[in-house]
Amino acid sequence: MEQVLGPVHLVRIGRVRFPVAAVIGKAPDGSAVTHARLGRDGWLRVYFGPGRRVRVSDGTEWRIRATGYGPYIAPMVTNDNGKLALALPHGKRSYGINGRDFAFNLYPAGRLGVRRPTWVLREHETELATLDAGSLNAQHPVPLAAALLCWTVAKFGIPGEAALEVPSMQWK
């Protein structure tokens with residue numbers, strides 16, 4: 001599985017048609033590297049729709065979609081061979097990002113409030129990366145599927161946990 005290291009950015013490159021975003025990092029020689037191209041994003045698309053389309057740099061197709069897992073609707077990254085990574089809550093705005101070869105914890109580094117917080121991705125006692133809405137700075141290699149799930153749950157949360165980031169509707 002492809003891994004990211006160093007500063008990686010989620011960059012908007014289109015409007016409607018695939019691709020609309022790209023995950024861009026730096027190669028060891030300093031040149032820009034596109035790790036993946038992403039389709040349209042959205043809470044309904046990921047959790048109740050077809051999912052977000054992902055084309056990795058080697059040409060394989062992935063999807064960020066959701067599945068029922070206990071009382072939660074959990075986001076996951078899949079390919080033709082099955083699940084690559086799954087995110088589940090284990091506290092208020094604290095998540096476990098799990099795959100076949102890794103198990104990480106993602107949690108906000110600061111207080112939740114008006115500003116979107118910086119998030120920390122850890123494996124046991126090792127801090128792997130910090131991320132915000134559009135960038136990830138990985139001090140250690142992080143699987144691309146885990147990075148995509150980190151951005152998804154940091155933006156939308158998980159339906160079924162406390163304090164959702166879902167728009168509220170009021171009928172009058």
Side-chain angles (χ1 to χ4, degrees), residues 1-67 73-80 83-87 93 95 97 99 104 106-110 112-121 128-159 161 163-169:
M1 179 183 308
E2 184 162 346
Q3 301 202 359
V4 296
L5 183 63
V8 179
H9 302 282
L10 190 59
V11 179
R12 182 99 175 167
I13 59 172
R15 290 189 166 263
V16 178
R17 298 182 56 128
F18 182 83
V20 298
V23 177
I24 299 176
K26 288 191 177 183
D29 64 356
S31 62
V33 174
T34 301
H35 295 288
R37 296 184 187 279
L38 306 170
R40 292 175 54 203
D41 193 17
W43 189 84
L44 286 172
R45 176 179 296 280
V46 170
Y47 288 108
F48 297 108
R52 187 175 194 184
R53 184 176 165 194
V54 178
R55 182 175 294 142
V56 185
S57 62
D58 65 4
T60 58
E61 294 279 335
W62 293 356
R63 285 267 177 195
I64 302 172
R65 60 175 59 151
T67 185
I73 301 173
M76 63 181 175
V77 177
T78 62
N79 66 5
D80 292 338
K83 286 184 259 190
L84 298 174
L86 176 74
R93 299 292 283 171
Y95 305 100
I97 310 287
F104 304 141
L106 178 70
Y107 59 92
L112 296 173
V114 177
R115 266 182 17 112
R116 290 193 179 249
T118 300
W119 295 76
V120 176
L121 183 67
L128 299 176
T130 57
L131 70 134
D132 59 20
S135 66
L136 178 135
N137 190 8
Q139 292 85 16
H140 298 281
V142 174
L144 180 60
L148 294 173
L149 274 182
C150 288
W151 276 316
T152 301
V153 297
K155 184 174 183 181
F156 300 124
I158 292 181
E161 72 168 343
L164 290 177
E165 298 292 329
V166 180
S168 62
M169 300 174 99

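We're numbering straight along the sequence, starting at 1.
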Item to complete: Could you tell me which non-hydrogen atom of Val142 sits nearest to which non-hydrogen atom of Ala147, and how far apart they are?
Response: CG1-N, 4.2 Å
Item to complete: Quick one: closest heavy-atom pair of Phe104 and Pro143, and the distance?
Response: CE1-CD, 3.7 Å
Worksheet item: Should Ile64 and Val54 be marked as a side chain to side chain contact (heavy atoms under 4.5 Å, CB included) after you check the CA-CA gap, both sets of side-chain angles, and the distance that decides it?
Response: CA-CA 7 Å; Ile64 302 172; Val54 178; 4.0 Å; yes
Worksheet item: Which pairs count as salt bridge (Lys or Arg N to Asp or Glu O under 4.0 Å) when at least one residue sits in residues 27-43, sequence neighbours excluded?
Response: Asp41-Arg52, Asp41-Lys155
Worksheet, complete the sentence: d(Tyr47 OH, Ile73 CD1) to nearest 0.5 Å is 8.5 Å
Worksheet item: Do Thr67 and Leu86 come within less than 4.5 Å of each other through their side chains, counting heavy atoms only?
Response: yes
Practice prompt. Keeping to residues at least two apart or across chains, list the salt bridge (Lys or Arg N to Asp or Glu O under 4.0 Å) pairs with something in residues 8-20.
Written response: none
Discussion item. Can you give me the closest heavy-atom contact between Ala87 and Ala74, atom names plus distance?
Written reply: O-CB, 3.4 Å
Worksheet item: Between atom CG of Leu148 and atom CE of Met76, what is the distance when rounded to the nearest 0.5 Å?
Response: 14.0 Å
Worksheet item: What's the spacing between Leu84 CG and Leu144 CG if we round to 0.5 Å?
Response: 9.5 Å
Response to the item:
Here the gap from His9 atom NE2 to His35 atom NE2, rounded to the nearest 0.5 Å, amounts to 10.5 Å
Practice prompt. Can you sort out the partners of Ser57 under side chain to side chain contact (heavy atoms under 4.5 Å, CB included), two or more places apart, ordered by chain and number?
Written response: Glu2
Fill in: Non-hydrogen side-chain atoms of Thr152 and Val46 separated by less than 4.5 Å
yes
Item to complete: Report the residues that fulfil ring-ring contact (aromatic ring centres under 6.0 Å, His included) with Phe48, sequence neighbours left out, ordered by chain and then residue number.
Response: Trp43
Worksheet entry | Atom pair CG (Asp80) and OG1 (Thr60), whose distance is rounded to the nearest 0.5 Å | 8.5 Å
Worksheet item: Side chains of Val23 and Leu38: does their closest heavy-atom pair fall under 4.5 Å?
Response: yes
Discussion item. So Leu136 and Trp119, do their side chains get closer than 4.5 Å, heavy atoms only?
Written reply: no
Item to complete: Mind checking the SG-CG spacing from Cys150 to Leu128? Nearest 0.5 Å is all I need.
Response: 9.5 Å
Fill in: Within 6.0 Å of CG in Asp58, more than 12 heavy atoms from elsewhere
yes
Worksheet item: Of the non-hydrogen atoms in Ala27 and Val33, which two are nearest, and what is the gap between them?
Response: CB-CG2, 3.4 Å
Fill in: Residue pair Ser135 / Val8, side-chain heavy-atom distance below 4.5 Å
no
Worksheet item: For the residue pair Leu10 and Ala21, what are the closest heavy atoms and their distance?
Response: CD1-CB, 4.5 Å
Item to complete: Check Thr130 against Thr118 and note the closest heavy-atom contact, atom names and distance.
Response: CB-CG2, 4.2 Å
Fill in: Non-neighbouring partners of Tyr95 that pass ring-ring contact (aromatic ring centres under 6.0 Å, His included), sequence neighbours left out
none
Worksheet entry | Test item: Arg65 and Pro75 side chains (from C-beta on) under 4.5 Å apart, heavy atoms | no
Worksheet, complete the sentence: Those residues at least two apart in sequence (or on a different chain) that pass salt bridge (charged side-chain N to carboxylate O under 4.0 Å, His left out) with Arg53 are Glu61
